[in-house]
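The next block holds one structure in the form of structure tokens; read it before the comments.
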Amino acid sequence: MPIGHIRPAVAGIEEQQILAVSKLALGDPSVIAMWYGESDLPTDTAIRQVAIESLNAGETFYGHKRGLPEFQAALAAYMSDLYGRAIAPDRVSLTQSGMSAIMMIFQTILDPGDNAVIVCPVWPNAQSVVRALAGEPRYAVLDNDEARGWHLDLEKVFAQCDERTRAIFVNTPNNPTGWTMPLDQMRDLLNFARERGIWIVSDEVYARMVYDGRAAPSFLEIAEPDDPVLSVNSFSKSWAMTGWRIGWITHPPQIGELLGNMIEFNYSCVPTFLQRGGIHAIEQGESAVAAMIGHCRTGRGICSQRLPNLPRVSGYREPEASFYGFFRIDGTEDRTLETCQRLVREAKVGIAPGTAFGPGAEGWYRLCFAQSPERLSTAFDRLESGLASL
């Protein structure tokens, strides 16, 4: 029986390649999964307890679509302190994850046929959102060399922009490479965007996942309140709250109600009891952030010791931010997805194919080292065995 109409832009979206690997391990707890951007640390006990108490107190009703006022105020105070610039609560909208924030931003600014310039390699969902909305993703590919590692030539970004460009999407610190945009480049890009009325959509979910300093450079350090900057952040990474699905957008105050409408149309609000936990994380959770960074620092050290010495591995460079190892497996450049699937089946270890991350990542692989030392040690043992038999 025929089904109803499906929009071609949606029907044409291919399965995410990380999913194509991970679904092979469904129901198999013996596989060590390092394909997702997720730590094996559970959320801090105190944060969980606050949410439990809120739930037990009966805070199970609809909340304000843009977040509890006290949550907006807490986030504004947190970012003002972090970036040394006053950020008002009316510039903050709470979202149900960083992913939904990105979706709603593009729902708000992108018409069919418009384009968004995406700095890549990058987490795959951003370009899929643009395609789902019948937009055109364009790419500015990071350069990579032995002397400088991953870096961006801004002229590549500028060259991709035209009269139909509505956004420049930058993920910094970057997933999967660990590249971080320096503040001087942010200034140049912001000046370009101001002159042309193009939004900068800055995915800064790894802002605190840095190994030197308190936070990575941010557009919020240099942007005025009415600048065309939409900064996306999330509780998932820094506070080990991936399953909570809480994120936020920092935006010009003029579009707060518009974003509130999009929140209402998409999911109404973030549950209040989850927000209570988030407020506690913001106001009293710095120890949880420190624990997460320490966990990742240890994992990075193990990764940097083991990964470059595995058979056929090349190209790895210790990242200054995020929690990923990005590397090549020589001789598999044209079959990264097949190689990852084989490693799941035969070695019981899961990594992500670089082709999932768009142009510039062909022939590369990514693994998440935000894992316990014991788990990482076993994973690298398995990876060594699996690579030797390829």
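If you take CD on E264 and CG on L259, they are separated by 13.0 Å, rounding to the nearest 0.5 Å. Summarising the geometry, atom CD1 belonging to I102 is positioned 5.0 Å from atom CE belonging to M99; distances are rounded to the nearest 0.5 Å. Rounded to the nearest 0.5 Å, atoms CZ (F380) and CZ (R375) are 12.0 Å apart. To the nearest 0.5 Å, atom OG1 of residue T332 and atom CG of residue L387 are 8.5 Å apart. Here the straight-line distance linking atom OG of S218 with atom CE of M79 works out to 9.0 Å at 0.5 Å rounding.
Between the side chain of D212 and the backbone N or O of E320, no donor-acceptor pair lies under 3.5 Å. Put simply, the side chain of S234 gets close to the backbone of S236: a donor and an acceptor are under 3.5 Å apart. Here the side chain of Q49 pairs no donor or acceptor atom with the backbone of I47 at under 3.5 angstrom.
Inter-residue side-chain proximity for M104 and T95 is flagged as met; some heavy-atom pair is nearer than 4.5 Å. Looking only at side-chain heavy atoms (C-beta outward), L383 and L310 come within less than 4.5 Å of each other. A 4.5 Å side-chain heavy-atom check between Q107 and L133 finds at least one atom pair inside the cut-off.
Of the N and O atoms on the side chains of D381 and T378, not one donor lies less than 3.5 Å from an acceptor on the other residue. Side-chain contact check for T272 and Y62: no donor-acceptor pair (N or O, by modelled atom type) lies under 3.5 Å. Side-chain contact check for D44 and H280: no donor-acceptor pair (N or O, by modelled atom type) lies under 3.5 Å. A donor-acceptor pair shorter than 3.5 Å can be found between the side chains of Y206 and Y324. For N175 and S322, the side-chain atoms include no donor-acceptor pair closer than 3.5 Å. Side-chain polar atoms of Q16 and N125 form a donor-acceptor pair below 3.5 angstrom. Of the N and O atoms on the side chains of S30 and D28, at least one donor lies less than 3.5 Å from an acceptor on the other residue. Defined by atom type and a distance below 3.5 Å, a donor-acceptor pair is missing between the side-chain atoms of T336 and Y365. For the residue pair T43 and W239, no side-chain donor N or O sits within less than 3.5 Å of a side-chain acceptor on the partner.
The existence of a salt bridge linking R85 and E221 is excluded, since no basic side-chain nitrogen approaches an acidic carboxylate oxygen closer than 4.0 Å. Look at E224 and R194 and you find no salt bridge, because none of the NZ, NE, NH1 or NH2 atoms lies under 4.0 Å from a carboxylate O. Using a 4.0 Å cut-off between charged nitrogen and carboxylate oxygen, R138 and D162 count as a salt-bridge pair. Using a 4.0 Å cut-off between a side-chain N of Lys or Arg and a carboxylate O of Asp or Glu, E362 and R328 do not qualify as a salt bridge. Salt bridge annotation for E136-R131: absent, with no cationic side-chain nitrogen under 4.0 angstrom from a carboxylate oxygen. At a threshold of 4.0 Å, the pair D145-R317 does not count as salt-bridged, since none of the basic side-chain nitrogens sits closer than that to a carboxylate oxygen. Between D111 and R164 there is no salt bridge, since no side-chain nitrogen of the basic residue lies less than 4.0 Å from a carboxylate oxygen of the acidic one.
Pairs engaging residues 94-142 under the ring pair (Phe, Tyr, Trp, His ring centres under 6.0 Å) rule: none recorded [sequence neighbours left out].
The two residues T180 and P217 make their nearest non-hydrogen contact at CG2-CD, 3.8 Å. Nearest heavy-atom pair, W35 versus S22, reported as atom, atom and distance to 0.1 Å: CE2-CB, 3.5 Å.
No close placement of the Y316 and F326 rings is indicated, their centers lying 6.0 Å or farther apart. Taking the six-membered ring for Trp, Y78 and F235 have ring centres at least 6.0 Å apart.
Sparse packing is recorded around CD of Q305, with 12 or fewer heavy atoms of other residues, nucleotides or ligands lying under 6.0 Å away.
Figure legend: R300 and Y211 shown as a cation-pi pair, the cationic atom lying under 6.0 angstrom from the six-membered ring centre and within 45 degrees of its axis.
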